[in-house]
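Take a look at the structure set out below.
The model shown is predicted, which means the values in this text are computed figures rather than measured ones. For ligands, and for the atoms within them, numbers begin at 1 and follow the listed sequence.
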Amino acid sequence: MAYVDPAKNEHSLYKGVWIFAEQRERKLMPVVYELLGEARKMADKLNVEVVAVLIGDKVEHLSQDLINHGADEVLLYENKAIKNYTTEAYSKIISKMIEEKKPEIILLGATHIGRDLAPRIAARTATGLTADCTNLEIDEEDGKLLMTRPAFGGNIMATIVCPNHRPQMSTVRPGVMKKAEEDKSRSGKITKFDYALNEEEIRTKIIEIIKEAKHDVAIEEAEIIVAGGRGLAKKEGFELLERLAKKLGGVVGASRATVDSGWISQAHQVGQTGKTVRPKLYIACGISGAIQHIAGMKDSEYIVAINKNPDAAIFKVADYGIVGDLYDIIPKIIDSIDNI
Ligand code: FAD
């Protein structure tokens with residue numbers, strides 16, 4: 001169905017850049033603003049409109065915020081039966097929207113919901129999907145979407161195109177792209193989508209939502225991160241990093257090796273399978289600088305690395321490097337802050 005025949009110029013039937021305006025408990029997820037930033041840039045290049053797909057129960061009030069951040073149109077579907085996300089209902093509704101309106105590009109956040117939903121939509125609409133993208137560009141020559149993501153365990157960055165199926169679909173890694181700026185003077189339209197959802201067909205019923213215990217840390221928003229790696233050698237090493245982080249008004253981050261060792265919770269993990277951060281200051285302590293770790297912190301404003309191996313890869317991305325034992329160096333840094 002979604003194969004487009006270049007010989008018949010069927011590509012031209014598909015127009016517009018869509019983003020999935022994921023909301024939870026009637027609040028937009030932060031990644032939505034990042035998708036809007038990307039979609040706006042693409043739409044301006046392709047000379048088309050940005051459409052935000054907003055679905056849920058009593059969510060219309062979020063529309064203006066989407067418009068203020070770059071949407072030209074909000075495609076709205078409200079139904080009390082979809083107060084909570086279910087894969088079946090969401091994928092049916094969005095697939096129907098795509099079938100009727102034919103967008104050229106659709107972007108979703110690579111959140112838990114986006115990762116679940118996007119493959120189902122891609123399968124229903126018989127198109128391709130590039131998951132977990134870290135860069136998106138429009139090809140200057142043919143206007144196709146170039147979707148870049150880490151591949152082969154993060155050892156290469158692969159750029160993928162979807163030549164003859166539409167829409168071109170991608171999930172985008174949260175925290176990587178810049179958020180769209182707010183412009184309260186923007187105007188746009190809200191289009192209510194008409195669809196008779198057959199509740200009987202939805203086989204999944206949400207009985208209860210049990211919220212995860214609130215994490216004490218939001219490393220994505222921190223301005224200073226003191227991150228620890230296997231070089232700490234023991235769980236208690238994080239207590240030393242916690243002391244330094246507190247002195248600097250920051251939080252503690254971690255490499256996957258320490259998370260896998262059970263020294264600290266996954267909420268602290270930075271990297272390809274953890275969080276992407278861009279603090280003002282990132283202090284990497286006993287972290288070797290594996291490509292999968294670098295992927296999550298390379299955009300930090302200043303990177304300081306402490307490592308006893310002068311050849312450690314982390315020094316290649318560091319602005320300042322200290323070669324030595326972190327258990328000698330960090331107490332000295334804490335003392336010198338105390339003496340300021
Ligand atoms: P190591 O590589 O063991 O490095 C420890 C460092 O500490 C060394 O450089 C050593 O010289 C130094 N050191 C030792 N003792 C001291 C001391 N006393 N003082 C100072 N320095 C000392 N990793 C992530 O971090 N995040 C991810 O999201 C992630 N995702 C991944 C996804 C995939 C698909 C794969 C395959 C891997 C992923 N990894 C990730 C793992 C990654 O490849 C590395 O294995 C990991 O980052 C290594 O962690 P580390 O630097 O703490 O440990």
- request: Please work out whether any backbone atom (N, CA, C, O) or any side-chain heavy atom from C-beta onward of I314 is under 4.0 Å from ligand 1, and answer side chain, backbone, both or neither.
  value: neither
message: For S288, which part has a heavy atom under 4.0 Å from ligand 1: side chain, backbone, both, or neither?
response: both
Can you list the ligand 1 atoms lying under 4.0 Å from a non-hydrogen atom of [X]?
X: G324; result: 19 (N), 20 (C)
X: G229; result: 52 (O)
X: A290; result: 42 (C), 43 (O), 44 (C), 47 (O)
X: T273; result: 27 (C), 28 (O), 29 (C), 30 (N), 31 (C), 32 (C)
X: G271; result: 26 (N), 27 (C), 28 (O)
X: S255; result: 25 (O), 49 (O), 50 (P), 52 (O)
X: D325; result: 17 (C), 18 (N), 19 (N)
X: V270; result: 24 (C), 25 (O), 26 (N), 27 (C), 28 (O)

Verify same cluster id: I190, V17 (apolar side-chain graph, 4.5 Å):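 Yes, because I190 and V17 connect within a single hydrophobic cluster, where side-chain heavy atoms sit under 4.5 Å apart.
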Heavy-atom closest pair, residues L145 and Q168: N-OE1, 2.8 Å
query: For the residue pair L54 and S63, what are the closest heavy atoms and their distance?
result: CD2-OG, 3.8 Å
Atom NZ of K144: over 12 foreign heavy atoms under 6.0 Å: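 Atom NZ in K144 is packed in, count exceeds 12.
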So for ligand 1, is [X] a polar contact partner (N or O within less than 3.5 Å, distance only)?
X: G274; answer: yes
X: G286; answer: yes
X: N307; answer: yes
X: Y327; answer: no

message: Determine whether R166 and E10 satisfy the following criterion, salt bridge (charged side-chain N to carboxylate O under 4.0 Å, His left out), listing intermediate values before the conclusion.
response: CA-CA 10 Å; R166 291 291 175 274; E10 285 174 349; over 6 Å; no
message: Please report whether atom 45 (O) of ligand 1 has a protein non-hydrogen atom at a separation of less than 4.0 Å.
response: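 Flag for atom 45 (O) of ligand 1 set to false, no protein heavy atom closer than 4.0 Å.
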query: Between the side chain of E34 and the main-chain N/O of P174, is any donor-acceptor distance below 3.5 Å?
result: no
query: What orientation do Y85 and Y90 show, parallel under 30°, tilted 30 to 60°, or perpendicular over 60°?
result: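 Ring orientation of Y85 relative to Y90: perpendicular.
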statement: Between I334 and the options N339, I329, L244, L248, the side-chain contact (heavy atoms from CB on, under 4.5 Å) test singles out L244
- request: Could you tell me whether the side chains of D116 and H112 share a donor-acceptor contact shorter than 3.5 Å?
  value: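 Looking only at side-chain atoms, H112 and D116 do not form any donor-acceptor pair under 3.5 Å.
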query: With distance as the sole criterion, is a donor-acceptor pair present between the side chains of T204 and E88 under 3.5 Å?
result: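 Note: T204 and E88 side chains meet the donor-acceptor criterion.
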- request: Run down the list H293, Q266, M297, Q292 and name the one with the heavy atom closest to atom 39 (N) of ligand 1.
  value: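 It is Q292 that holds the nearest heavy atom.
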- prompt: With respect to atom 19 (N) of ligand 1, which of I291, D328, L326, I330 exhibits the smallest heavy-atom separation?
  reply: L326
message: If you apply the rule salt bridge (charged side-chain N to carboxylate O under 4.0 Å, His left out), what do you find for D311 with K316, and how did you get there?
response: CA-CA 9 Å; D311 298 322; K316 292 197 183 117; over 6 Å; no
